[in-house]
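Just so it is clear, the model here is predicted, and its values are computed rather than measured. Positions are given from 1, in the same order as the sequence printed here.
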Amino acid sequence: MVGKKILITIGILILLILSVFILMKIREKPEFGACETDADCKLVRCEGAYCDNGKCVCPVGGSKELSDVKVASLYERITDGEVINRDIDDVVNILAETKTDFIFRGFWKWKTPCFEEDKNGYSYSQLGESIKEIKKKMPDVIFCGSLGLQYFHEKDSDPLTGNPLDRETVKKMAFDPSKYGLDMTLEQLRDILHNRSAGEIEYIPDLTSHDFQKHILNLAKKQIDSGVDAIWIDGPYGILTILIAGDILDPSDPLIDEYTSSLSKIAEQIRLYGLSKYNKPIYVGSWGHFPIMHDCPFPDLDFITFTPDGEEILDKTLDSEKWSMIKEKAGDIPIFAFIDWSMRDDNPLAVFSQKLTPREQGQFLRTADEFFQKKEINFIYPIHGGWMGNNAKILSFSKEFPPGFRVYDSLAPEFGTYETIKELALKKAGEDEPVCGNQICEQGEDGYNCPEDCCVSGDGICPVGCTIANDDDCRQSNLENIRVASFYQTVTDGDVISRSIDEVSAIFEETKTDMVFRGFWRWNPVPESPDLAVSLEFPDEYVKEAEIRGYTYQQLKDATEKIKADIPHILFTGAVTTQRLNKLERNPITDKIFKQTETWEMAFNPEKWNLGVSKEETQCKLTKSWNWIDSGIECPQDYDPENAPAYFPDMTNEKFQELFLSWAKKQIDCGADIMWIDMLFKQANIIEKSYPGHAAVKESFEASSKVVDEIHKYGKSKDKQVYVGTWRTFAEFSYFPPNVDFVTATPSSEEVLNRTLDSGKWNNIKLQVEGIEKKLSKDIPVFVFIDVGNDKLPIAAFSQKMTPAQQNEFLEYADNFFNELDMVFVYPVHGGFMGQHAEMLSFGMSKNYDSLAPEFQTYETIKELALKKAGE
């Protein structure tokens, strides 16, 4: 009986063993198991496995081809969100809204990652979960992991087991110079490594070592198992670079070929692993600098990377010859360029983040993106990640997070480059919004819904779904197409000279005006409407006088609506100045009133930078030179800010910046398509003149440049393209130019009076503007007008010292002269203060110039020139 039970037990065990054996055979490499139908592949571990030519295979992943990538974004690491209070949903949204196709360095193996969850997100389990979330929303995205081959770290471990590598194992895989007959011992090499890395590094690996190649493959396998679609390998030639730099290794040594072959072999093994286990391609990339520098063959890689150097970033000018050479030598291998980093404080990302202002960073991104597109190189946007150097002082979210967080983040307030990146990415993805005239179109079911009378995309092509009456209706989609520009300041002052807004609009129609320049000029606080007092601080008399002069926002809005109803394509320019801050001011967006004590705090104060001159003396001298205060007072002893009507403001004062922007925003709300800013860089110019190179110069320059970006941003928030321009004087500084859309210039009073324009001066201006265009990577139209405002300016010479015949002669001469230089001469149709002492007045009553006034009679000449320029 006992024997029978034993036999039964043995039989059951044999059946169990056979069952396990059979199941193991079934599951052994199931994706390549034998099959006749799809049903035979049910046990394969991947979802949707099917039978193909007798073998079970997994469906190929959704990732697109590398060659199809448009938007590449650097985000290292996607799992470190806890450090900055950003969860994976936030990361996914960032990548999705930038239309990212290729997530570069989404994970980076430096020291050994944890297998399970880590507080800093440095684990394989968190990587796998994060990639799953990304792929749910972005199934086609290529996720690129990365690993560094430069060094062995003290805590390196086996990537498959997590067990620490013992010293003998590491030493066996380490690079030993004596193995290759080099004049250096292993100990000497270790000393160099200690000096380079503050003692953290024990050994540097040997890429030709079979054991180390296996180690690399296992590192890659862990990331592939977690879901990555590409692997980027950092530092494969690191040891060779060190040895060549130290004159220990000859650049023609066969060891270089061995390293190239080894890297090719590793790349092939990584690709085979992806195909054999997951039936999906795994792209492998690395640096291309070493093969370029030493003129040796490229390894067998799917893509290569390069970085602009610190000097290119600091100068904000990429070396065209260098990058053309890179492109030529690389041939058909896809090239990606990104801003690299290291622990050193002079690394490219350190220069980018620590030595460029946020505005300059944004401008460099624009320049680089445009540059690399022309070279057919994909520029990787630095959204998140990259070590800014061990001694970086400007840190991401420094007020909220630990000071040791030296990782760049484009969304951090210290940098703020994300909006620029998003704009560039959407444009590259082909999803920038088409524009009808200067209005952004809305996308409908059948295309873009645009006004019937004018529907034009940003490049002058009508989008699908738009119909137009004729080409002329759609001609003006941007500043570059402007042919006829008319100075008319202001379109609302008709009551002064008995001219209705209908008559003003008719003037623009018969002169074929494309752009109204300085159609409204903000100098003093502007009331909201003729029926509404600004506040109790402003008397009724002030509002009544403003109504007569057409100086209210409601009158401006009504006027622009009328003009645009008659001429849909016309662009209207409003104007503001950074020169004047009135003692009593108002923010027309918030309706906040600023009294004298508050405006005085916003006034320019040299003592802020210890420039050795008092605020009172500076304000006294400046405002006296502009005739705002009695020219007879002694500065600063007789100066009392409470008695002064206005001050020269401080562009670096954030409260003034907000107030100034409110004046521009309000005009945009009232119909302005263009904002022209007077004296935008006056503060920087004043400081530079007395204290050249002082930090206050750049600070003032950057603050002035910032408002250009803010006006652009406000226009976009209103679904409108708003252009911004100012005087060309900013080009005289060595800093990166503001992102202006056009510049203005004026002939001097002497040129006007002599009726002879200085060819040398204007050719130099043209060259100067070409330099700005190169830096901004866009065309910058130049508009030339006869400047106005006081007795010393050109309008005074033009109107007071020249006969009508001479004025007409000068207009014809100037128009031809500037046409040949490809500049637009702005016709002086109406407006512009001719000076306090002007005696020849328009209609015998107004100190504002008017071409139709019998005292001047230049309108017919202007109309003739305008029609000729318009092609009629």
Side-chain angles (χ1 to χ4, degrees), residues 437 453-454 473 476 484-524 526-532 541-575 666-674 785 788 795 799 804 826-834 841-867 870 872:
D453 53 3
C454 181
D473 287 338
Q476 299 308 334
V484 179
S486 297
F487 187 110
Y488 202 107
Q489 182 183 304
T490 63
V491 295
T492 53
D493 67 1
D495 280 353
V496 177
I497 55 173
S498 300
R499 183 178 295 158
S500 69
I501 191 60
D502 290 334
E503 291 172 316
V504 173
S505 185
I507 288 171
F508 297 144
E509 282 193 274
E510 68 178 4
T511 54
K512 302 298 178 183
T513 293
D514 300 317
M515 180 179 80
V516 180
F517 184 65
R518 287 180 66 158
F520 194 82
W521 168 242
R522 195 272 179 200
W523 185 253
N524 292 314
V526 182
E528 202 61 32
S529 77
D531 303 319
L532 182 65
E541 292 77 11
Y542 182 84
V543 179
K544 187 64 178 175
E545 182 185 351
E547 177 188 2
I548 294 171
R549 294 189 294 115
Y551 195 63
T552 71
Y553 288 121
Q554 186 61 52
Q555 288 167 295
L556 171 61
K557 188 173 186 294
D558 293 343
T560 58
E561 287 177 353
K562 166 60 180 171
I563 292 168
K564 291 182 179 184
D566 294 340
I567 316 169
H569 75 264
I570 202 166
L571 296 178
F572 187 92
T573 308
K666 188 65 176 182
Q667 292 191 43
I668 293 168
D669 292 345
C670 291
D673 311 298
I674 304 171
F785 70 99
V788 302
I795 192 66
S799 65
V826 183
Y827 302 125
V829 177
H830 169 80
F833 190 62
M834 296 181 289
L841 309 181
S842 297
F843 305 103
M845 55 175 287
S846 174
K847 290 182 180 179
N848 289 310
Y849 185 83
D850 191 278
S851 62
L852 289 92
E855 292 83 2
F856 306 118
Q857 301 177 32
T858 53
Y859 179 70
E860 290 302 320
T861 297
I862 289 172
K863 184 167 70 171
E864 179 185 339
L865 295 171
L867 292 176
E872 298 190 13

Is it true that atom CD of E864 has more than 12 heavy atoms of other residues, nucleotides or ligands lying nearer than 6.0 Å? no

Rounded distance (nearest 0.5 Å) linking atom CD of E528 with atom OG1 of T552: 8.5 Å

With rounding to the nearest 0.5 angstrom, report the OH to CG distance, Y551 to N524. 5.5 Å

Whether S842 side chain and D850 backbone form a donor-acceptor pair below 3.5 Å: yes

Going from NE2 on H569 to OG1 on T513, what distance comes out if it is rounded to the nearest 0.5 angstrom? 8.5 Å

Within-4.5 Å side-chain heavy-atom neighbours: V829 and S851: yes

Taking the side chain from E855 and the backbone from F843, do they hold a donor-acceptor pair closer than 3.5 Å? yes

Would you find a donor on one side and an acceptor on the other, under 3.5 Å apart, between the side chain of D514 and the backbone of A485? no

Would you indicate whether the side-chain heavy atoms of D493 and H830 approach each other to under 4.5 Å? yes

Is the shortest heavy-atom distance from the side chain of L556 to the side chain of F572 under 4.5 Å? yes

When rounded to the nearest 0.5 Å, the distance separating NZ of K847 from CD1 of I795 is 14.5 Å

Strictly distance-based, threshold 3.5 Å: is any side-chain N or O of K666 a donor or acceptor partner for the main-chain N or O of V526? no

Keeping Q667 on the side-chain end and A575 on the backbone end, is there a donor-acceptor pair under 3.5 Å? yes

With a 4.5 Å heavy-atom cut-off, do K562 and D558 have their side chains touching? no

Give me the atom names and distance for the closest heavy-atom approach of F785 to V826. CB-CB, 3.8 Å

Value rounded to 0.5 Å, distance of CD1 in I563 from CG in L571: 12.0 Å

side-chain contact (heavy atoms from CB on, under 4.5 Å) between F520 and Q555, worked out: CA-CA 11 Å; F520 194 82; Q555 288 167 295; over 6 Å; no

Salt-bridged, E541 to K544, with N to O below 4.0 Å? no

Do the two ring centres, one from F508 and one from Y488, sit under 6.0 Å apart? yes

So do the side chains of S486 and T511 get within less than 4.5 Å of each other, counting heavy atoms only? yes

Trace of the side-chain contact (heavy atoms from CB on, under 4.5 Å) decision for T573 with M515: CA-CA 7 Å; T573 308; M515 180 179 80; 3.6 Å; yes

Hey, mind stepping through R518 and V788 against side-chain contact (heavy atoms from CB on, under 4.5 Å) and telling me if it holds? CA-CA 11 Å; R518 287 180 66 158; V788 302; 3.8 Å; yes

Heavy-atom distance under 4.5 Å between the side chains of K557 and E561, does that happen here? yes

Between the OH atom in Y553 and the CG atom in D669, the distance rounded to the nearest 0.5 Å is 10.0 Å

Tell me if a side-chain donor or acceptor on E510 pairs with a main-chain N or O of I507 at a distance below 3.5 Å. no

